[in-house]
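What you are looking at is a predicted structure, and each value in this text was computed from that prediction instead of being measured.
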Amino acid sequence: MKNQPNQRRVLLDPAGSMLSALIRRLALSLLAFASLGSAQEARSEPLQPAPLSATDSSRLERQRISARNWRSDLSVPAETAALSDDPQVIAAGARIYLEGLRDKGQPLVGLRLDGQVRVAGAAAACVLCHRRSGLGAVEGVNQIAPITGRYLFDQDRRAVVNMNLRARKSFNQRHEPYSLTTLAKALRDGLHESGRQLDPLMPHYQLSDAEVLAVASYLRRLSNSWSAGVSEKRLQLATVVTPDVDPESRRIFLATVNAIVAQKNGNILHSAGQRTMSSGAEMVLQTDRSWNMQVWQLQGQPSSWGAQLLRLQAEHPVFALASGLGAGNWEPVQRFCELQALPCWFPSVAAVPAQSSFYSVYFSRGAALEAEVLATSLTAGGKRGKLLQVYADAGVADSAVTAMRARMAEAAISSSEFRLNVDAAGVAGLAARLVALNVEDSVVFWLTPSQLQALDQLAPSQASSYFSASLGGGDQLALNPAWRKAAHLLYPYQLPELRQRGLAVFKEWLRIRQLPLENELLQSEVYFALNYLNDTLVDMLDNLHRDYLLERGESMLSLREAARAEDEARGLGLPRMTQVQPGSKPLRPMTPRALPHAVLLGSNSPPPQVSGAPMLQAESDDVSPNARNSGAPQSTSAYPRLSLAQFQRHASKGAYIVRIDNDQQLHAESDWIIP
């Protein structure tokens, strides 16, 4: 065991001792050859060096593969010298690939399953199966191969895609390079370059020679080099904090981010050749990178955030926005990410923009989801009274107010809205509106913690009062005792007593890192976001492309959560000797190197069922049977379950309606409602 680290260093370091030994052996052979003098020259056969052992050959091959010799987008391999550099030709290939449109705008037509299924236009576009990155996917038992230039036309030994198929891992199959002729046969006739038939689901397209050239020219450049923010050893990331976040939440958020990134970087010491290992492919290719996390602290009004973000990205280009924190309007950040094609990875925000997004991935739809849940509950219960919506900031509550208004109109329920100005006149106006409500009516408050303080001056309404947990502070809803007693909470998280087992490893991590548990919902979201980002990057190997990050994030989430939750539950059931003892000395305090000082840039019983409340619905069937049968949690986050289908961007799909008892405990009035 003592020799193990040295052996590992030999395997990983191209300039290590084994290579030095081979060089010394060759030098001795040359010296011996020279000492033979003229007698050696008389020999008819030259002296042959001793053959390398299989072990030495394997080591040299791994060292050769690990040398990263990336080409530029403009270099042309010999096999693809006939491809075009004309921007118009490449654009024509992009239209075919992304939109299913041919050179004159007519729809692309393809035939599947020996001509039994005809697809046309967008339904025939290559992107539906091979995705934006061109790096393929897994659909059921079908593996869709990568088709970018590195995989079609080159013999790049580092071109490896992890074709993750359920519980086991497999990799793309290598083949001889395609030419324009063999690619045309693949597109038109469904023939692999080897001559075998491709999968019957691969359409046979009607394409001219010029269109085949356009597709090939586009594919040569697709996902050809790393995205901005990626280098040999480092990955540039940023996290965004908006100015409406209160100082305490910002402090807790940054402390958690710093500890996670410091731990990540502490496990990678490239100069010493020591590294963590998540998979055999990752170990051989040496694709793990340290993180440089910048904090982009925005200032001023939301209208100025876009310009600030553009400046920060120009000065310090990043691969993705990792996590993030916002108390109010997040729409400018999402718009920036769409314009820059920059992934925004699970930020902690309640006011999730209503606009559709490709590059931003969220835990849930936030207040808009809560509005749908409340509307579902009210209409399912047959309640016919009036509804009043109270909000203060249109940028924060717009999506929720709009969703609620539409659902009430569909159900023919009278609804109205009141915009609260947090001053004497505004509070007086709200008091008059609340007094006018009766016991059959409902009022919902889309207010942040600071805005909720205005209710301290008012008595609770006799109407049923609902509050947004995501906007109002989650478990720590800022209400006085009278309002807390009357409040119904729209709660998009797992119930506190049910989520404790899924968060056990997270809480143990806090203890080891000497971080206090100050805001369970916020800290667990940050912990999940950054750990899932790391897991996804590991799975991507050396294919560091922004579109591919989102594609892997979609495909991995439910499988990863089921497997990790089961593993954590199994680990928690092991004897205590395998875990950190409660009285053990924590690890050394982590230094704040992750954030550069110069850059501020439980019970498993179901909740009670209430008459008339919607029944519990499952979000996804992608759950391990073992996880169900063992009683293991199905999530390692504060949410009951997280899953994403293709193009979905909200991982949790429902919420509870809960009440707060006299002991400040939450009790469900409904099952998990998925509108």
Side-chain angles (χ1 to χ4, degrees), residues 327-328 350-351 367-368 370-379 381-409 411-474 476-491 610 612 655-662 664 666-667 669-670:
E370 295 169 355
E372 296 276 0
V373 166
L374 177 57
T376 300
S377 177
L378 293 178
T379 55
K383 197 167 185 177
R384 310 307 300 176
K386 301 186 297 293
L387 172 72
L388 173 65
Q389 298 193 76
V390 179
Y391 67 98
D393 186 341
V396 173
D398 179 65
S399 60
V401 171
T402 302
M404 197 74 195
R405 183 193 306 134
R407 288 292 300 271
M408 293 300 97
I413 296 177
S414 174
S415 67
S416 60
E417 293 138 25
F418 179 82
R419 182 165 184 173
L420 173 64
N421 293 319
V422 186
D423 55 23
V427 173
L430 177 58
R433 297 294 296 270
L434 294 178
V435 169
L437 300 175
N438 59 45
V439 293
E440 295 182 354
D441 299 330
S442 302
V443 57
V444 56
F445 297 91
W446 307 112
L447 302 176
T448 63
S450 61
Q451 295 161 359
L452 286 173
Q453 295 176 9
L455 299 183
D456 291 345
Q457 307 172 45
L458 303 175
S461 171
Q462 60 180 335
S464 299
S465 299
Y466 297 90
F467 293 84
S468 166
S470 59
L471 286 174
Q476 303 171 6
L477 197 66
L479 291 174
N480 63 32
W483 275 102
R484 289 178 73 87
K485 185 176 181 180
H488 303 257
L489 206 57
L490 303 170
Y491 197 74
V610 177
Y656 292 104
I657 298 176
V658 304
R659 294 293 298 270
I660 307 173
D661 66 15
N662 293 332
Q664 308 304 311
L666 301 185
H667 295 282
E669 287 194 328
S670 75

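- At least one donor-acceptor pair closer than 3.5 Å links the side chain of Arg419 to the backbone N or O of Ala392.
- Leu388 places none of its side-chain heavy atoms less than 4.5 Å from the side chain of Asp441.
- Proximity of a side-chain donor or acceptor of Asn438 to a complementary backbone N or O of Glu440 within less than 3.5 Å is detected.
- Panel note: side chain Trp483, backbone Leu455; a donor-acceptor pair is recorded below 3.5 Å.
- Panel note: side chain Gln451, backbone Thr448; a donor-acceptor pair is recorded below 3.5 Å.
- Shown here are the side-chain contact (heavy atoms from CB on, under 4.5 Å) partners of Thr402, two or more places apart in sequence or in another chain: Asp398, Arg405.
- Closest non-hydrogen pair, Ser470 versus Ala367, comes out as OG-N, 3.8 Å.
- At least one donor-acceptor pair closer than 3.5 Å links the side chain of Ser670 to the backbone N or O of Ile657.
- Without hydrogens or angle criteria, Arg659 side chain to Ala487 main chain gives a donor-acceptor distance under 3.5 Å.
- Counting only heavy atoms from C-beta outward, the side chains of Leu666 and Ile660 approach each other to under 4.5 Å.
- Between Phe467 and Phe445, the ring planes are parallel. Angles under 30° get that label, and only those over 60° would be called perpendicular.
- The shortest heavy-atom contact between Leu489 and Gly474 is CD2-O, 4.0 Å.
- Between the Ser377 side chain and the Val373 main chain, no donor and acceptor come within less than 3.5 Å of each other.
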Going through the distances and angles, do Thr379 and Met408 end up as a side-chain contact (heavy atoms from CB on, under 4.5 Å)?
-> CA-CA 8 Å; Thr379 55; Met408 293 300 97; 4.3 Å; yes
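- With contacts defined as side-chain heavy-atom distances shorter than 4.5 Å, the pair Leu430/Phe418 qualifies.
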